[in-house]
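Everything quoted here is computed from the prediction, not taken from an experiment. By convention here, the first residue in the shown sequence is residue 1.
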Amino acid sequence: EFVTAGVVAVGSAITAGLLAGFNVFNCMINECCNDRWISTNFTDLSLTLRSKLYGQHLVTEPVLKHLKGHSRETPSKALVLSFHGWTGTGKNHVSRIVAEKMFVKGMKSKYVHLISATKEFPHEEMVSFYKDKLRDMIERAVKECPRALIIIDEMDKMPPGVVDTIKPYLDFYEELGGVDYRKAIFFFLSNTAGNDIAEKTMRYWNEGVARESIKLKEMEEVIRLPALNIKSSGLWHSELITKNLISSYIPFLPLERKHVKQCIKDSLLEKKIFKSESEIPDAVVQEIADELEYYPKDVQLFSTTGCKRIHQKIDFVMETV
Ligand SMILES: Nc1ncnc2c1ncn2[C@@H]1O[C@H](COP(=O)(O)OP(=O)(O)OP(=O)(O)O)[C@@H](O)[C@H]1O
């Protein structure tokens, strides 16, 4: 009996060893939820954000700070960053950069989830079904990898009330149903409060105050109230706001012509129309920039579509050159 027990024990040890070996080998080739596939080194991310995100000082540093803080051993809750601003100001751009620098497979990682509210939750009358659907999506994502990045785009198109269903997962609980949600990262993207952010930025400009001296704290105030009170914000009367479950509101300021010009240069290089920045004639950049619309009409300060639609404008202008 003693001998049999010994043989069984040795057998189990060998099986466990083989399994562990297989897992190590498997995770060298296939994506796993570990440090080989998910980075906790923020150097590259910080360099990229600093050089490739224009005019958004209230985004670059706060986002980096939150990500670094949250990556420490055991965070007390999931990180929830709510991105707000006009169209084309960089909300998706930042999300993509973060995904690409944190996850080896970038946006293609099975641990990065991009949920489009208009695609997934198009009908207002289906709220209760959508609540189950969203809850299920989040549970599956975090069960598969506690360090998942979940991006909800077009939050303002989400039927009111749906998002509150994920409240427990964003709270300070150690675990829910055997799953720890505290290492997960959520980005909410919306245009809500975009006009309020633009107005405030405009006011500073009129007073001759440098854009870079605008503080995060005051902009957060500008966002929080509209997000809570506008029915089509996705966060209308949401407990995520009232119970302080959103870690930070990140304002994307409207982009000025000089930022748009930087985006144009990037796009011209990306499209391989020019080989280096020094080859790009100013007149070409100017002409493409003139194709966009600016607000307010008299001073033409902010691009109403940020850096969006630049690719089409390049095609149009280069076609006629
Ligand atoms: N601040 C920025 N710095 C550098 N490039 C930018 C910036 N904002 C936008 N872009 C460029 O413009 C493109 C469109 O921007 P993006 O999709 O990030 O806008 P958005 O804020 O998510 O808009 P929407 O609210 O319409 O979803 C990006 O892919 C990027 O190339």
Side-chain angles (χ1 to χ4, degrees), residues 58-59 62-85 91 94-95 98 112-115 117 120-121 127-128 130-143 145-193 196 216-252:
L58 296 179
V59 179
V63 166
L64 281 169
K65 209 167 148 192
H66 277 291
L67 289 171
K68 281 185 195 165
H70 183 256
S71 76
R72 293 202 194 99
E73 268 316 289
T74 316
S76 56
K77 69 181 284 307
L79 177 64
V80 188
L81 299 181
S82 195
F83 293 176
H84 297 259
K91 300 177 296 293
V94 169
S95 309
V98 170
V112 174
H113 305 265
L114 177 60
I115 301 173
E120 303 287 348
F121 314 105
V127 167
S128 61
Y130 289 159
K131 282 185 173 179
D132 290 345
K133 182 172 163 179
L134 181 61
R135 191 180 305 127
D136 191 52
M137 282 171 142
I138 308 287
E139 281 183 4
R140 265 192 290 132
V142 182
K143 232 179 241 171
C145 181
R147 291 157 75 182
L149 168 62
I150 297 159
I151 304 161
I152 306 187
D153 192 14
E154 304 186 293
M155 266 292 282
D156 37 347
K157 310 285 176 344
M158 184 93 95
V162 172
V163 82
D164 268 344
T165 194
I166 60 173
K167 177 176 167 270
Y169 311 120
L170 309 184
D171 219 326
F172 292 79
Y173 303 124
E174 277 183 25
E175 62 164 73
L176 284 169
V179 182
D180 184 354
Y181 289 85
R182 294 174 300 171
K183 288 192 173 141
I185 300 173
F186 292 81
F187 290 167
F188 297 159
L189 280 50
S190 78
N191 300 129
T192 305
D196 305 81
L216 181 62
K217 185 105 191 50
E218 52 186 323
M219 274 300 182
E220 279 196 307
E221 285 307 308
V222 167
I223 296 170
R224 200 173 173 274
L225 276 184
L228 190 62
N229 294 327
I230 295 175
K231 194 157 186 188
S232 61
S233 77
L235 291 166
W236 180 64
H237 289 182
S238 170
E239 288 204 330
L240 302 191
I241 297 183
T242 55
K243 300 266 192 285
N244 294 314
L245 296 180
I246 294 182
S247 319
S248 188
Y249 300 90
I250 306 288
F252 284 68

Novice: Do the ring planes of F121 and Y130 sit parallel (below 30°), tilted (30 to 60°) or perpendicular (above 60°)?
Specialist: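 Ring orientation of F121 relative to Y130: perpendicular.
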Novice: Rounded to the nearest 0.5 Å, how far does NE2 of H70 lie from OG of S76?
Specialist: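 The OG atom of S76 sits 8.0 Å away from the NE2 atom of H70.
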Novice: Out of curiosity, S95 OG to F188 CZ, how far, rounded to the nearest 0.5 Å?
Specialist: 12.0 Å
Novice: With sequence neighbours left out, which residue pairs that include part of residues 174-187 fulfil the salt bridge (charged side-chain N to carboxylate O under 4.0 Å, His left out) condition?
Specialist: D180-R182
Novice: Under a 3.5 Å distance rule, please check whether K143 uses its side chain to pair with a backbone N or O of V179 as donor and acceptor.
Specialist: no
Novice: Quick one: salt bridge (Lys or Arg N to Asp or Glu O under 4.0 Å) partners of K65, sequence neighbours excluded?
Specialist: none
Novice: Drop me the distance from L81's CG to K91's NZ, to the nearest 0.5 angstrom.
Specialist: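 L81 CG to K91 NZ: 14.5 Å, rounded to 0.5 Å.
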Novice: Can you check whether N191's main-chain N or O pairs, donor with acceptor, with D156's side chain at less than 3.5 Å?
Specialist: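 Between the backbone of N191 and the side chain of D156 there is a qualifying donor-acceptor contact (under 3.5 Å).
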Novice: How long is the gap from CD1 on I138 to CD1 on I152, to the nearest 0.5 Å?
Specialist: 5.0 Å
Novice: Give, for atom CG of L170 and atom CG of L79, the distance between the pair rounded to the nearest 0.5 Å.
Specialist: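 Interatomic distance, L170 CG to L79 CG, rounded to 0.5 Å: 10.0 Å.
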Novice: Can you name the residues that form a side-chain contact (heavy atoms from CB on, under 4.5 Å) with K77, not counting sequence neighbours?
Specialist: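 Once residues adjacent in sequence are excluded, the partners of K77 under the side-chain contact (heavy atoms from CB on, under 4.5 Å) criterion are V80, F172, L245, S247.
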Novice: Where do E120 and K133 land on the side chain to side chain contact (heavy atoms under 4.5 Å, CB included) test, with the steps shown first?
Specialist: CA-CA 9 Å; E120 303 287 348; K133 182 172 163 179; 3.1 Å; yes
Novice: Does E154 have any salt bridge (Lys or Arg N to Asp or Glu O under 4.0 Å) partners at least two apart in sequence or in another chain, and if so, which?
Specialist: none
Novice: What's the shortest heavy-atom distance between G161 and K131, and which atoms?
Specialist: O-CE, 3.4 Å
Novice: Report yes if the side chains of L216 and S248 come closer than 4.5 Å at any heavy-atom pair, otherwise no.
Specialist: yes
Novice: I'd like to check the side-chain contact (heavy atoms from CB on, under 4.5 Å) partners of E139; sequence neighbours left out, ordered by chain and number.
Specialist: R135, Y169, Y181
Novice: Indicate yes or no for a side-chain donor-acceptor contact from T165 to the backbone of V162 under 3.5 Å, with no hydrogens or angles considered.
Specialist: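 Pair absent, no side-chain N/O of T165 close to backbone of V162.
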Novice: Shortest non-hydrogen contact from I223 to A193?
Specialist: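 I223 and A193 have their closest heavy atoms at CA-CB, 3.9 Å.
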Novice: Considering only heavy atoms from C-beta outward, does the side chain of V63 approach that of F83 to under 4.5 Å?
Specialist: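 Touching, per the 4.5 Å side-chain cut-off.
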Novice: Determine the minimum heavy-atom distance between H84 and T192, stating which atoms define it.
Specialist: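 Minimum heavy-atom separation between H84 and T192: ND1-O, 3.0 Å.
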Novice: Considering non-hydrogen atoms only, spot the tightest contact between H113 and A141 and give its length.
Specialist: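 What the structure gives for the nearest pair is NE2-CB, 3.4 Å.
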Novice: Using a 4.5 Å cut-off on heavy atoms from C-beta on, say whether the side chain of V222 contacts that of P251.
Specialist: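 Side chain of P251 against side chain of V222, heavy atoms only: no contact under 4.5 Å found.
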Novice: Can you tell me how far the OG atom of S82 sits from the CZ atom of R224, to the nearest 0.5 Å?
Specialist: 11.5 Å
Novice: Listed by chain and number, what are the salt bridge (Lys or Arg N to Asp or Glu O under 4.0 Å) partners of E218, not counting sequence neighbours?
Specialist: K200
Novice: For residues L134 and M158, determine if any side-chain heavy atom of one lies less than 4.5 Å from a side-chain heavy atom of the other.
Specialist: yes
Novice: Only one of I185, L67, I151, V112 passes side chain to side chain contact (heavy atoms under 4.5 Å, CB included) with V98; say which it is.
Specialist: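 Between V98 and the candidates, side chain to side chain contact (heavy atoms under 4.5 Å, CB included) is satisfied uniquely by L67.
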